[in-house]
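Notes follow once the structure below has been shown.
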Amino acid sequence: MIGFYKARLSGVAAGVVGAVIANLAFAGPASERVFSRKALDLLSVGQLVEYSHTRGGTAGEAVNPISDGQIRVQVQTANDGSREAEVTMGAPGKLRPVSVWPASAGNPILPIFLESALRSMSNATGGSTFYIRNRIKDALGTGGTITTVTLDVDGASVEAQEIVFALFENDKNRDRMGAFADMTLTFVVSEQTPGDIIRFTAETGDGDTAYREEIAFQGVGSTKE
């Protein structure tokens with residue numbers, strides 16, 4: 001599975017996802033929960049999950065703002081008979097194919113979200129993508145706090161886990177990161193929700209380079225294979 005992620009992602013995001021997955025046996029419960037490989041198990045072939053996607057903040061054009069983005073993850077049958085997930089994303093009515101993933105690898109929204117957050121920070125601060133990647137990898141691999149919450153999702157009350165990572169809390173270069181020094185990644189997930197994901201949020205502190213990005217569950221649909 002790690003090799004597949006590396007083939008599909010840029011080298012930067014692949015370094016985050018691949019490294020954390022490779023070390024899940026040694027990671028804490030927060031990382032294990034976020035990187036669940038069972039995320040698409042509730043979806044049947046032909047079903048799709050829809051997510052909203054927004055990105056913006058005082059960092060402005062540096063983070064390539066998105067006001068009304070959409071992402072769809074559809075489960076389908078691969079040529080070898082296994083289950084796979086096709087990702088499409090873009091503006092409403094203008095979705096474009098992004099990639100295809102094995103359904104057994106978990107929800108591909110996770111690496112897409114990490115890739116976007118990493119690129120946004122690098123563009124807004126001028127920082128090294130490899131340095132940022134390594135700090136995100138370290139935080140996701142060993143940190144994180146978990147809080148159990150009850151939420152209304154698509155008209156149903158579900159128990160969920162809210163998992164928060166403070167990426168640069170103890171970083172020696174915090175004073176050079178502006179608003180990103182207080183950046184957090186928040187993952188709200190539930191095994192009761194198809195696709196597992198309720199909401200992913202990347203958010204910084206206040207300032208000239210402030211940034212916020214969110215991918216949120218909208219509902220389940222279906223198409224013919």
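The first residue in the sequence is number 1, and the count goes up from there.
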Quiz item: Just by distance, do the side chain of Ser120 and the backbone of Ser116 share a donor-acceptor pair under 3.5 Å?
Solution: yes

Quiz item: Between Leu110 and Phe187, is a side-chain contact (heavy atoms from CB on, under 4.5 Å) present by the stated rule, with each step listed?
Solution: CA-CA 9 Å; Leu110 175 58; Phe187 304 89; 3.7 Å; yes

Quiz item: How long is the gap from OG1 on Thr204 to CZ on Arg212, to the nearest 0.5 Å?
Solution: 10.5 Å

Quiz item: Which atom names give the shortest non-hydrogen contact between Ile197 and Phe217, and what distance separates them?
Solution: O-CB, 3.4 Å

Quiz prompt | Residue Asp80 excluded, over 12 heavy atoms near CG under 6.0 Å | solution = yes

Quiz item: Is the shortest heavy-atom distance from the side chain of Leu95 to the side chain of Arg72 under 4.5 Å?
Solution: yes

Quiz item: Honestly, is Arg33 close enough over Phe35, meaning NZ or CZ under 6.0 Å from the six-membered ring centre and within 45° of the axis?
Solution: no

Quiz item: Are any of the side-chain heavy atoms of Thr193 and Val158 separated by less than 4.5 Å?
Solution: yes

Quiz prompt | Under 3.5 Å: donor-acceptor pair, side chain of Thr58, backbone of Ala210 | solution = yes

Quiz prompt | Smallest separation among heavy atoms of Pro97 and Thr88, with atom names | solution = CA-CG2, 3.7 Å

Quiz item: Honestly curious: do Val98 and Val49 fall in one hydrophobic cluster under the side-chain, below-4.5 Å linking rule?
Solution: yes

Quiz prompt | Within 6.0 Å of CG in Asn173, more than 12 heavy atoms from elsewhere | solution = yes

Practice problem: Determine whether Asp171 and Glu169 make a side-chain contact, defined as any pair of heavy atoms from C-beta on separated by less than 4.5 Å. | Solution: no

Quiz prompt | salt bridge (charged side-chain N to carboxylate O under 4.0 Å, His left out) between Lys38 and Asp41, worked out | solution = CA-CA 5 Å; Lys38 300 179 180 180; Asp41 284 3; 6.0 Å; no

Exercise. Any chance you could lay out the side chain to side chain donor-acceptor pair (under 3.5 Å) test for Gln74 and Glu86, step after step, and finish with the verdict?
Key: CA-CA 5 Å; Gln74 179 179 339; Glu86 180 184 44; 5.6 Å; no

Practice problem: Verify whether the ring centers belonging to Tyr51 and Phe200 lie closer than 6.0 Å. | Solution: no

Quiz item: Should we count CD of Gln192 as having more than 12 external heavy atoms under 6.0 Å?
Solution: yes

Practice problem: First locate atom CE of Met177, then atom CG of Leu167, and finally report the distance between them rounded to the nearest 0.5 Å. | Solution: 9.0 Å

Quiz item: Is there side-chain contact between Ser44 and Gln47, with at least one heavy-atom pair below 4.5 Å?
Solution: yes

Quiz item: Can you hop from Val149 to Ile163 via hydrophobic side chains spaced under 4.5 Å?
Solution: yes

Quiz item: Does Arg174 use its side chain to pair, donor to acceptor, with the backbone of Ala181 at less than 3.5 Å?
Solution: yes

Practice problem: Give the minimum heavy-atom separation between Ala160 and Val188, together with the two atoms involved. | Solution: CB-CG1, 4.2 Å

Exercise. Applying ring pair (Phe, Tyr, Trp, His ring centres under 6.0 Å), name anything that partners Tyr211, two or more places apart in sequence or on another chain.
Key: Phe180

Practice problem: Verify, without hydrogens or angle tests, whether Ser190 (side chain) and Asp196 (backbone) share a donor-acceptor contact under 3.5 angstrom. | Solution: no

Quiz item: Which heavy-atom pair separates Gly195 from Asn107 by the least distance, and what is that distance?
Solution: O-ND2, 2.9 Å

Self-check item: Contact summary for Ala202 and Met183, nearest pair of heavy atoms
Solution: CB-CE, 3.9 Å

Quiz item: Is there a donor-acceptor pair under 3.5 Å between the side chain of Thr209 and the backbone N or O of Ala179?
Solution: yes

Exercise. From the options Val100, Leu40, Ile71, select the one residue that forms a side chain to side chain contact (heavy atoms under 4.5 Å, CB included) with Pro108.
Key: Leu40

Quiz item: What about Ile215 and Ile66, same hydrophobic cluster or not, with Ile/Leu/Val/Met/Phe/Trp/Tyr joined at side-chain heavy-atom distances under 4.5 Å?
Solution: no

Practice problem: Have a look at His53 and tell me which of Gln218, Gln70, Glu213 forms a side-chain hydrogen bond (donor to acceptor under 3.5 Å, both in side chains) with it. | Solution: Glu213

Practice problem: Could you tell me whether the side chain of Leu185 reaches within less than 4.5 Å of the side chain of Phe113, counting heavy atoms only? | Solution: yes

Quiz item: Between atom CZ of Arg55 and atom CD of Glu214, what is the distance when rounded to the nearest 0.5 Å?
Solution: 13.0 Å

Exercise. State, yes or no, whether a side-chain contact exists between Trp101 and Val87 at a heavy-atom distance under 4.5 Å.
Key: yes

Quiz item: Hey, does the side chain of Ser128 reach the backbone of Tyr131 with a donor-acceptor pair shorter than 3.5 angstrom?
Solution: yes

Quiz item: Can you check whether Leu43's main-chain N or O pairs, donor with acceptor, with Arg83's side chain at less than 3.5 Å?
Solution: yes

Quiz item: What distance separates Phe168 CZ from Asp138 CG, expressed to the nearest 0.5 Å?
Solution: 10.0 Å

Quiz prompt | Check: Thr186 main-chain N/O paired with Thr201 side-chain donor or acceptor under 3.5 Å | solution = no

Quiz prompt | Val45 reachable from Leu42 in the ILVMFWY side-chain graph, under 4.5 Å edges | solution = no

Quiz item: Are Leu151 and Ile198 side-chain neighbours, meaning at least one heavy-atom pair lies under 4.5 Å?
Solution: yes

Quiz item: Out of curiosity, Ile136 CD1 to Met121 CE, how far, rounded to the nearest 0.5 Å?
Solution: 7.5 Å

Quiz item: Are the side chains of Leu118 and Arg133 in touch, meaning some heavy atoms are under 4.5 Å apart?
Solution: yes

Quiz item: Just how far is it from atom CD of Glu61 to atom CG of Asn123, taken to the nearest 0.5 Å?
Solution: 11.5 Å

Practice problem: Treat each ILVMFWY residue as a node, draw an edge where side-chain heavy atoms are under 4.5 Å apart, and state whether Val153 and Val73 are in one component. | Solution: yes

